[in-house]
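Since the model is a prediction, treat every value here as computed from it, not as a measurement. In what follows, chains carry the letters A, B, and so on, assigned in the order in which the sequence lines appear, proteins first and then strands, with residues in each chain numbered from 1.
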Amino acid sequence: MPEKDKKQGTNISRRNFLKGVGTGTVAATVAPSVLIGSEKAAEAQAGDAIANATIELNINGKSYQVEVEARTTLLTVLRDGIDTGGNNIDLTGAKLICDRGECGGCTVMVDGKSVYACMMLAIDAQGKQITTVEGLADGDDLHPVQEAFIQHDALMCGFCTPGFIVSSAALLNENANPTMEEIKVGLSGNTCRCGTYPFIFDAVKTASRKV
Amino acid sequence: MEKFSYVNATSLEQVTSLLSESGWGEVMLIAGGTDLLAELKEYIETPKTLVNLKTLPGMDSIEVDASGLKIGALATVADIAMHPTIQHHYTVLSQAAGSVATPQIRNVGTLGGNLCQRPRCWYYRDESTDCLKKGGDICYAVDGLSKYHAILGGDPVYIVHPSDLAPALIALGASIKIVGPAGEKTMSLEEFFTLPAANPFRENVLEPNEIVVEVSVPVPKPNTKSFYLKAREKGAPDFALSSVAGVFEMDGKTCKTASIVLGGVAPAPWRSKEAEAAVTGKMIDESVSQQAGADAVKDAEPLNDNMYKVTLTRNLVSRAAMMAAS
């Protein structure tokens, strides 16, 4: 990791400190759209400048309270975030790869649409329904896209797979019966360096018959 | 990224007031953030405050009426690409929007952000390079690696404007509404963009305390054909090496009026009056279309590595003209 990126670490010491003094409960007293978790919560108004905030995120149908800096990305919260109860969020399905919105490894759904979690501030994800690859299966029942990826052997190293699966599910949300060309366009924001594209496209075609 | 504080916008007056507190770079606006966050991650910009525009109500609408289109600055690129009326009657805009980046970026990137995005030049985007665009003394593309740089209008900064929507909207005769502390003003989108000879540091005429709020597009004339042709280095999503937005008012194979605007070849969307003149009033055939292509690039001054853009642009313009006649 470049030296510079270490500067934007996840504020662990502050978070642990706040956890220790029980600040987490403050958030519950604040309207969800206003987002402050500090001692100044009661005075916070829309339009105030926020440096740190306790935000509420709805991820895979579950609500999480997380202390973040304004600059913290959604991807950082998913992978490395600790909620105000001290639990790791630990949703590492979305991968940190390019961190510039180019590779698609961090793709998640926000309100049903695919987005790059590395290029969205966590603060901007408040009030939205966030779905990661971990949220697609229903218990032991895999999502049709996941089943089709297994059936078509649509991966080699597998590092890009979570992003591709979420993009595929988002595509089928919008277009339940895409043509091969529409599949290629729909998945054009994801990169597979192993080159398993033909298998991935076939898997999405198969999944589209089951969705 | 450096730390910044974050403010939810409550009104345009509040936004322009916050922007008026400093010059460029201290207070910045965030909507989709897909370009801005990349700049913050590379330390190209280190704002103290980001103002979140997404809390401003009603600015993401796309309205269609008898006078044309009104698109709010917060409308996403995906919404523009998928809008049925835009697909049918403003084809060049729909095609341009569909060609922007990837589904993930189109889902969050906005019209205002696409028009105001910063250049992709690798010298500009490199934190450690103090280039002319960032207040240094040299545009390194002139003697350096210039494969993706300007062939038209470059002096003294050879960036290309990366927007796909801008050429399409200019070809359609769009105007842009801007709000500042003194109120709102409207100008043609063509006049919004500037060349480095006028201002090497910015790509448009926005003042530090102004904000883009809306783009209006008049209804195209009857029998209009429009296209966005975009050449990329690879089949996958990418910025344009060269692009042509063409809007042709046709009478059979005869072109009554034409707007031809180039992307990816100049520091601003480049209206080719020469190519327009070559087809206007003419029955478009092979030789007229080739003349239009040749005229579009007759003033081109390629750098060391981008001679190919001259050929590419010439052929794209010719192809667009032939498509209008077919």
Side-chain angles (χ1 to χ4, degrees), chain A residues 2 4-5 7-8 11 33-35 44-53 68-73 76 98-104 106-124 126-127 163 166-167 170-171 174-175 184-191 197, chain B residues 1-11 13-15 17-18 21 27 30-43 46-56 76 78-79 81-82 98-109 125 127-128 232 234-239:
Chain A
K4 201 143 260 153
D5 285 349
K7 282 200 283 187
Q8 55 179 347
N11 198 18
S33 59
V34 182
L35 28 89
Q45 303 288 324
D48 280 359
I50 298 148
N52 297 283
V68 297
E69 293 183 343
R71 62 178 171 172
T72 307
T73 64
T76 299
C98 77
D99 201 26
R100 295 293 184 278
E102 292 174 2
C103 73
C106 67
T107 303
V108 300
M109 275 190 263
V110 173
D111 287 345
K113 293 183 175 176
S114 61
V115 308
Y116 295 134
C118 74
M119 297 301 279
M120 176 174 276
L121 296 177
I123 273 185
D124 284 341
Q126 290 179 106
V166 175
S167 278
L171 168 65
E174 287 192 358
N175 181 355
K184 289 180 183 177
V185 171
L187 299 184
S188 61
N190 293 70
T191 303
Y197 298 104
Chain B
M1 278 185 270
E2 298 285 359
K3 286 190 185 191
F4 51 80
S5 62
Y6 180 98
V7 181
N8 282 321
T10 55
S11 67
E13 295 73 30
Q14 174 226 20
V15 173
S17 159
L18 284 166
E21 288 170 12
V27 178
I30 182 166
T34 53
D35 186 44
L36 179 68
L37 292 186
E39 287 208 297
L40 301 193
K41 287 180 181 200
E42 302 291 353
Y43 301 85
T46 52
K48 299 273 189 296
T49 303
L50 288 193
V51 182
N52 171 33
L53 300 177
K54 293 182 292 297
T55 45
L56 292 173
T76 66
D79 286 344
M82 302 302 288
S99 81
V100 171
T102 63
Q104 289 94 325
I105 287 177
R106 293 196 290 274
N107 282 338
V108 290
R125 293 272 165 172
E127 182 203 356
S128 60
R232 294 179 282 210
K234 52 192 194 294
D238 205 347
F239 292 92

Bottom line for Ser188(A): the part with an atom under 4.5 Å from chain B's heavy atoms is both
Would Asp35(B) and Lys41(B) pass as an ion pair if we require N to O under 4.0 Å? no
Greatest number of heavy atom pairs closer than 4.5 Å to chain B - which of Thr107(A), Leu121(A), Thr73(A): Leu121(A)
salt_bridge(Glu69(A), Lys3(B)) N-O dist < 4.0 Å: yes
Choice from Gly32(B), Pro237(B), Gly33(B) maximising heavy atom contacts with chain A below 4.5 Å: Pro237(B)
Could you look at Ala9(B) and say if it's the side chain, the backbone, both or neither that has a heavy atom under 4.5 Å from chain A? neither
Does the pair Lys54(B) and Asp124(A) meet the rule for a side-chain contact (heavy atoms from CB on, under 4.5 Å), with working shown? CA-CA 9 Å; Lys54(B) 293 182 292 297; Asp124(A) 284 341; 3.1 Å; yes
Can you tell me which portion of Leu171(A) sits under 4.5 Å from chain B's heavy atoms? Options are side chain, backbone, both or neither. neither
Chain B contacts, top residue of Met119(A), Lys113(A), Met120(A), Lys184(A) (heavy-atom pairs, under 4.5 Å): Met119(A)
Residue part contacting chain B, namely of Thr191(A), when any heavy atom lies under 4.5 Å: neither
Would you find a donor on one side and an acceptor on the other, under 3.5 Å apart, between the side chain of Arg106(B) and the backbone of Thr76(B)? no
Is chain A contacted by the side chain of Leu18(B), its backbone, both, or neither, given a heavy-atom distance below 4.5 Å? neither
Mind running side-chain contact (heavy atoms from CB on, under 4.5 Å) on Asn190(A) and Cys103(A) for me, showing each step along the way? CA-CA 5 Å; Asn190(A) 293 70; Cys103(A) 73; over 6 Å; no
Contacting region of Val185(A) [heavy-atom separation from chain B under 4.5 Å]: both
Donor-acceptor contact present, side-chain Gln14(B) to main-chain Thr10(B), <3.5 Å: yes
Check whether Tyr43(B) reaches the backbone of Glu2(B) with its side chain - one donor and one acceptor, N or O, closer than 3.5 Å. no
